[in-house]
Amino acid sequence: MRIVFLGAPGAGKGTQARRLEGRNGWPQVSTGDLLRSAVSAGTPLGRKAKAAMDAGELVSDQLVMQLLDERLRQADCNDGFILDGFPRSRSQARLLGELLGNSGQQLDAVLMLDVDTGILMKRLTGRRTCSATGKLLNIHFSPPEELAASRAAGGKLIQRDDDTEETIANRLAVYERQTRPLLEHYAHLLRRVDGLGAPGEVFERVLAALKPTLEAAPADG
Ligand code: AMP
């Protein structure tokens with residue numbers, strides 16, 4: 001199964017894609033995570049990508065495709081994957097089509113998580129990762145017991161460098177300008193899901209939206 005998760009920054013793509021990976025085994029492939037790893041490892045690609053990421057702009061297609069191509073060649077992606085944060089523009093959608101077409105593959109579904117812009121700002125400014133467990137949390141929305149569990153595990157709540165108000169505003173503008181047009185591009189594969197609510201509730205909607213695709217999938221994925 002090859003699925004794309006579309007949605008604005010903060011819509012919950014990462015959270016939902018990880019849940020789906022946990023349930024069905026297809027790896028979540030996040031270009032944002034791949035880029036952040038390259039930046040923290042100080043690779044030449046990471047050094048080239050950093051300025052665009054800090055400004056909330058898109059990194060060049062060439063750099064992103066290089067990371068993605070390498071990642072999708074790994075064996076765990078053979079039976080499928082969940083793309084999170086890619087493609088983000090029409091040109092990336094075209095490049096993805098070519099990449100998959102070269103190996104006789106195609107996308108099975110594109111899932112759009114719909115969340116009101118006002119909520120996105122609060123979700124993004126409150127977003128933290130627990131340094132001990134790696135869990136994604138939110139200081140405004142996570143249940144107090146989850147925040148307490150992170151403290152009890154000795155975790156620090158780490159904020160992403162690009163989750164500042166100024167960068168967030170630009171990332172939302174970039175989404176509207178460059179990524180939203182993909183809803184039209186993928187109209188034939190698109191399933192829209194209301195992304196408001198607790199992650200568990202949203203995940204139920206995700207599963208319901210993907211049900212026809214999951215049922216139609218061949219046994220080998
Ligand atoms: P994300 O974690 O998906 O919010 O991505 C964080 C940042 O990484 C974005 O604001 C971009 O600067 C960069 N990025 C992630 N995915 C892409 C992509 N598909 N194309 C270009 N830049 C990307």
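Remember, it's 1-based here, ligands and their atoms both numbered in the order they're listed. This structure is a prediction, so every number in the text was calculated from the model and none was measured.
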Going by distance only, is there an N or O of [X] that falls short of 3.5 Å from an N or O of ligand 1?
X: R36; answer: yes
X: G85; answer: yes
X: V59; answer: yes
X: D33; answer: no

Fill in: Flag if over 12 foreign heavy atoms under 6.0 Å of CD, E166
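For E166, atom CD is not crowded (no more than 12 foreign heavy atoms under 6.0 Å).
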
Discussion item. For the CD atom on E145, are there more than 12 heavy atoms of other groups (residues, nucleotides or ligands in this structure) within a distance under 6.0 Å?
Written reply: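 Counting neighbours around CD of E145, more than 12 heavy atoms of other residues, nucleotides or ligands fall under 6.0 Å, so yes.
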
Worksheet entry | L196 vs D114 side-chain heavy atoms within contact, under 4.5 Å |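 No, their side chains stay 4.5 Å or more apart.
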
Worksheet item: So do the side chains of Q106 and L100 get within less than 4.5 Å of each other, counting heavy atoms only?
Response: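 No. Closest side-chain heavy atoms not under 4.5 Å.
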
Could you identify the single nearest non-hydrogen protein atom to [atom] and state the distance to 0.1 Å?
atom: atom 16 (N) of ligand 1; value: T31 OG1, 2.8 Å
atom: atom 13 (C) of ligand 1; value: L35 CD1, 3.5 Å
atom: atom 5 (O) of ligand 1; value: R88 NH2, 3.5 Å
atom: atom 7 (C) of ligand 1; value: D162 OD2, 4.0 Å
atom: atom 20 (N) of ligand 1; value: Q92 NE2, 2.8 Å

For ligand 1, indicate whether the residue [X] contacts it via side chain, backbone, both or neither (heavy-atom separation under 4.0 Å).
X: R171; value: side chain
X: K50; value: neither
X: D61; value: neither
X: E57; value: backbone
X: L58; value: both

Practice prompt. Answer yes or no: is there a donor N or O on one side and an acceptor on the other, between the side chain of Q28 and the main chain of E21, under 3.5 Å?
Written response: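 No, Q28 side chain to E21 backbone: no donor-acceptor pair under 3.5 Å.
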
Worksheet item: Would you find a donor on one side and an acceptor on the other, under 3.5 Å apart, between the side chain of S142 and the backbone of I139?
Response: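 The answer is no, because no donor-acceptor pair under 3.5 Å joins these two groups.
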
Worksheet item: With the threshold set at 4.0 Å, does a side-chain nitrogen-carboxylate oxygen contact exist between R171 and D163?
Response: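 Salt bridge present between R171 and D163.
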
Fill in: salt_bridge(D61, R88) N-O dist < 4.0 Å
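No, this pair does not count.
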
Discussion item. With a 4.5 Å cut-off on side-chain heavy-atom distances among I, L, V, M, F, W and Y, is there a chain of contacts connecting V4 to L35?
Written reply: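 They do share one cluster, since a chain of ILVMFWY contacts under 4.5 Å joins V4 to L35.
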
Fill in: Side-chain donor-acceptor pair present, T213, R191, cut-off under 3.5 Å
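There is such a pair between these side chains.
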
Discussion item. Yes or no: does R160 have any heavy atom under 4.0 Å from an atom of ligand 1?
Written reply: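 R160 counts as a contact of ligand 1 under the 4.0 Å cut-off.
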
